[in-house]
**Student:** 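Could you have a look at this structure, given as structure tokens, before my questions?
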Amino acid sequence: MKKTLLVYVLIIAAFVLYLFRYAAEGREKGAWEDQGLHGDIGETYVMITFQSGMEYWKSILKGYEDAADALGVSIEYRGATRYDAQEQRLVLEQAIARKPAGIAVSAIDPYSLLPTINKAVEAGIPIVLFDSGSPGSKAYSFLGTDNYNAGVTAADKMAQLLGREGSVGIITINGQQNHEERTQGFKDTINDRYPGMKVVATADGRGDQVNAREAAAQMLQKYPDLSGIFVTDAASGAGTGEAVLGAKRVGSVKIVSFDTNKATLDMIQDGTISASIGQGTWNMGYWSLQYLFHLHHGLTVPAPSSSGQNTPLPVRVDTGISVITKANVDDYYAK
């Protein structure tokens with residue numbers, strides 16, 4: 001009887017010990033899960049662009065939204081309705097006054113926003129820049145395309161399309177850093193690598209389909225032997241395509257455009273545009289918010305930058321590009 005009782009006591013003790021260890025492991029697992037990145041729905045992060053209704057921003061905003069869902073925080077989207085640096089500065093001032101947890105900005109002009117960006121950072125509001133930067137500002141990081149390299153890639157593609165010979169033009173946006181870098185990368189590559197090619201004209205499409213169509217039509221008229229046009233933005237790509245269609249020169253004038261808006265993809269599909277440089281737009285939005293979250297919560301680890309100074313984040317992040325042609329255009333339509 002005593003032996004039987006002892007066995008029961010041992011079994012019960014072992015079971016109690018098992019329950020205790022199981023509960024302890026559960027608590028440890030829960031603690032581990034609690035260490036995951038998670039904010040508060042009351043935390044609000046703002047995204048600010050320009051020409052806020054443009055289709056181009058949709059993928060970037062989707063990345064921002066996806067990061068917000070993953071982190072359990074809130075976001076707001078704001079922007080200048082027009083291509084107007086002063087309006088964007090006012091939008092940024094209004095956002096700063098609301099003291100958000102962080103702000104992601106695509107700068108219409110690299111210099112006009114600089115004092116306002118610095119004001120926000122000095123007030124303890126983290127700012128990162130995406131797509132179009134503001135060099136010299138106190139923003140913590142720039143996330144976007146290596147625009148000079150994108151221009152190089154566009155020039156190589158144009159050379160391939162033209163058999164390394166011919167006169168080409170450029171439709172760009174004057175005064176905006178990312179477009180100037182794309183233009184310079186394209187020009188330098190044509191000049192350095194392709195002696196049988198020449199950039200004969202550069203025009204400002206102002207990021208507008210109608211203006212770009214007019215600029216491209218004038219270019220085609222002035223240079224009847226033009227073989228190709230490089231376009232540094234999405235809206236101007238569609239406008240340039242319309243000009244080439246109007247001049248009945250589809251096929252004889254190759255267009256290398258930028259981005260993956262539907263109008264551009266449709267023109268690639270029907271052969272009006274030969275190729276487009278697609279940007280990692282979702283990455284821009286997603287990682288902009290991740291960076292802001294880390295800054296707001298003090299989760300960054302300072303590291304030396306190329307300047308020798310410690311920085312809490314990488315100063316510049318290349319979000320990547322791809323070349324879109326008729327062979328792979330179907331992969332880029334919104335699903």
Side-chain angles (χ1 to χ4, degrees), residues 51 54-59 131-132 144-162 166 168-174 176 178-187 189-190 197 199 201-217 219-220 226-247 249-281 320-334:
Q51 290 179 295
M54 280 201 310
E55 183 181 348
Y56 172 71
W57 304 119
K58 288 182 179 179
S59 176
D131 186 58
S132 182
T145 301
D146 181 332
N147 287 295
Y148 184 91
N149 181 61
V152 171
T153 301
D156 287 338
K157 186 62 183 179
M158 183 69 79
Q160 179 190 27
L161 291 166
L162 299 183
V168 295
I170 302 172
I171 305 291
T172 187
I173 301 176
N174 292 342
Q176 193 169 318
N178 52 346
H179 293 275
E180 291 184 347
E181 289 175 353
R182 294 168 194 173
T183 299
Q184 196 61 51
F186 185 88
K187 285 181 175 179
T189 305
I190 295 297
M197 297 175 66
V199 177
T202 302
D204 186 1
R206 299 171 61 189
D208 177 80
Q209 187 167 334
V210 174
N211 287 326
R213 183 175 66 230
E214 293 173 356
M219 193 180 289
L220 290 166
L226 201 69
S227 300
I229 302 176
F230 170 48
V231 189
T232 67
D233 74 283
S236 296
T240 300
E242 290 172 351
V244 170
L245 280 165
R249 296 187 62 184
V250 172
S252 65
V253 176
K254 306 297 183 183
I255 300 172
V256 175
S257 188
F258 232 87
D259 295 322
T260 57
N261 61 313
K262 187 175 184 301
T264 297
L265 298 179
D266 288 347
M267 285 187 171
I268 291 173
Q269 205 163 48
D270 68 21
T272 304
I273 293 175
S274 299
S276 189
I277 307 299
Q279 302 184 76
T281 48
I321 59 170
S322 56
V323 179
I324 303 155
T325 65
K326 199 166 188 176
N328 63 354
V329 66
D330 288 341
D331 297 334
Y332 290 87
Y333 279 97

**Student:** Please name the pair of heavy atoms, one in Met219 and one in Gly169, separated by the smallest distance, quoted to 0.1 Å.
**Tutor:**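 Distance-wise, the nearest heavy atoms are SD-CA, 3.7 Å.
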
**Student:** Going by heavy atoms in the side chains, are Asn149 and Thr153 under 4.5 Å from each other?
**Tutor:**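 A side-chain contact exists here, since the closest heavy-atom pair is under 4.5 Å.
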
**Student:** Quick check for you: to the nearest 0.5 Å, what is the distance between Arg182 atom CZ and Tyr148 atom OH?
**Tutor:**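 Answer for the CZ-OH pair, Arg182 versus Tyr148, is 15.0 Å.
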
**Student:** Taking the side chain as everything from C-beta on, heavy atoms only, tell me whether Asp259 gets closer than 4.5 Å to Ile277.
**Tutor:**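 Not in contact.
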
**Student:** Hey, are the side chains of Tyr332 and Ser322 touching, using non-hydrogen atoms and a 4.5 Å cut-off?
**Tutor:**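 In contact.
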
**Student:** Kindly give the heavy-atom pair with the smallest separation between Ala217 and Ala243, and that separation in Å.
**Tutor:**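 Shortest heavy-atom separation between Ala217 and Ala243 comes out as N-CB, 3.8 Å.
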
**Student:** Rounded at 0.5 Å granularity, tell me how far NZ in Lys254 sits from CG in Leu226.
**Tutor:**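 Separation between the atoms: 13.0 Å.
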
**Student:** Given 3.5 Å as the limit, does a donor-acceptor pair link the side chain of Asn328 with the main chain of Val323, or not?
**Tutor:**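 A pair under 3.5 Å: yes.
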
**Student:** Name all residues meeting the ring pair (Phe, Tyr, Trp, His ring centres under 6.0 Å) criterion together with Phe258; count only those two or more places apart in sequence or in a different chain, and write none if there are none.
**Tutor:**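 Listed in chain order: nothing, the list is empty.
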
**Student:** Gly278 and Thr260: which non-hydrogen atoms are nearest, and at how many Å?
**Tutor:**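 In this case the closest contact between Gly278 and Thr260 is CA-CG2, 4.0 Å.
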
**Student:** My understanding is that only residues two or more places apart in sequence, or in another chain, count here; which of them pass side-chain hydrogen bond (donor to acceptor under 3.5 Å, both in side chains) with Thr281?
**Tutor:**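 Result, side-chain hydrogen bond (donor to acceptor under 3.5 Å, both in side chains) vs Thr281: Ser59.
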
**Student:** My understanding is that only residues two or more places apart in sequence, or in another chain, count here; which of them pass side-chain hydrogen bond (donor to acceptor under 3.5 Å, both in side chains) with Lys157?
**Tutor:**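 With neighbours one apart ignored, the set is Gln160.
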
**Student:** Name each donor-acceptor pair under 3.5 Å that joins a side chain in residues 265-272 to protein atoms two or more places apart or in another chain, with its distance.
**Tutor:**
unit_1 : atom_1 : unit_2 : atom_2 : d
Asp266 : OD1    : Tyr333 : OH     : 2.6
Asp266 : OD2    : Lys262 : NZ     : 2.8
Gln269 : OE1    : Tyr333 : OH     : 3.2
Gln269 : NE2    : Asp330 : OD1    : 2.9
Asp270 : OD1    : Thr272 : N      : 2.9
Asp270 : OD1    : Thr272 : OG1    : 2.7

**Student:** Which pair of heavy atoms, one from Ala150 and one from Ile321, lies closest together, and at what distance?
**Tutor:**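 The answer is CA-CD1, 4.0 Å.
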
**Student:** So which pairs with a foot in residues 231-242 pass side-chain hydrogen bond (donor to acceptor under 3.5 Å, both in side chains), sequence neighbours left out?
**Tutor:**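 Output for this query lists Thr172-Thr232, His179-Thr232, Gln209-Glu242, Arg213-Glu242, Asp233-Ser236.
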
**Student:** Would you check if Ile229 and Ile170 make a side-chain contact, meaning some heavy-atom pair closer than 4.5 Å?
**Tutor:**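 Side chain of Ile229 against side chain of Ile170, heavy atoms only: no contact under 4.5 Å found.
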
**Student:** Any side-chain heavy-atom pair from Asn211 and Glu214 closer than 4.5 angstrom?
**Tutor:**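 Side-chain contact under 4.5 Å: yes.
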
**Student:** Return the minimal non-hydrogen interatomic distance between Gln176 and Ser132, and the atom names on each side.
**Tutor:**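 Smallest heavy-atom distance, with atoms named: CG-OG, 3.8 Å.
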
**Student:** Evaluate side chain to side chain contact (heavy atoms under 4.5 Å, CB included) for Ile255 paired with Val231, printing each intermediate quantity in order.
**Tutor:** CA-CA 7 Å; Ile255 300 172; Val231 189; 4.1 Å; yes

**Student:** How long is the gap from CZ on Arg206 to CD on Gln51, to the nearest 0.5 Å?
**Tutor:**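 Interatomic distance, Arg206 CZ to Gln51 CD, rounded to 0.5 Å: 10.0 Å.
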
**Student:** Glu181: which residues meet the side-chain hydrogen bond (donor to acceptor under 3.5 Å, both in side chains) condition with it, sequence neighbours left out?
**Tutor:**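 Checked Glu181 against side-chain hydrogen bond (donor to acceptor under 3.5 Å, both in side chains); matches are Gln177.
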
**Student:** Quick one: are Val168 and Leu162 in side-chain contact, heavy atoms under 4.5 Å?
**Tutor:**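 A side-chain contact under 4.5 Å exists here.
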
**Student:** Mind checking the CD1-OG spacing from Ile324 to Ser276? Nearest 0.5 Å is all I need.
**Tutor:**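 Reported to 0.5 Å precision, the distance equals 5.0 Å.
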
**Student:** Would you name the heavy atoms of Asn261 and Ala234 that are closest together and state the gap between them?
**Tutor:**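 Taking every non-hydrogen atom into account, OD1-CB, 3.4 Å.
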
**Student:** Could you tell me whether the side chain of Tyr56 reaches within less than 4.5 Å of the side chain of Asp131, counting heavy atoms only?
**Tutor:**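 Result yes, sub-4.5 Å side-chain heavy-atom pair found.
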
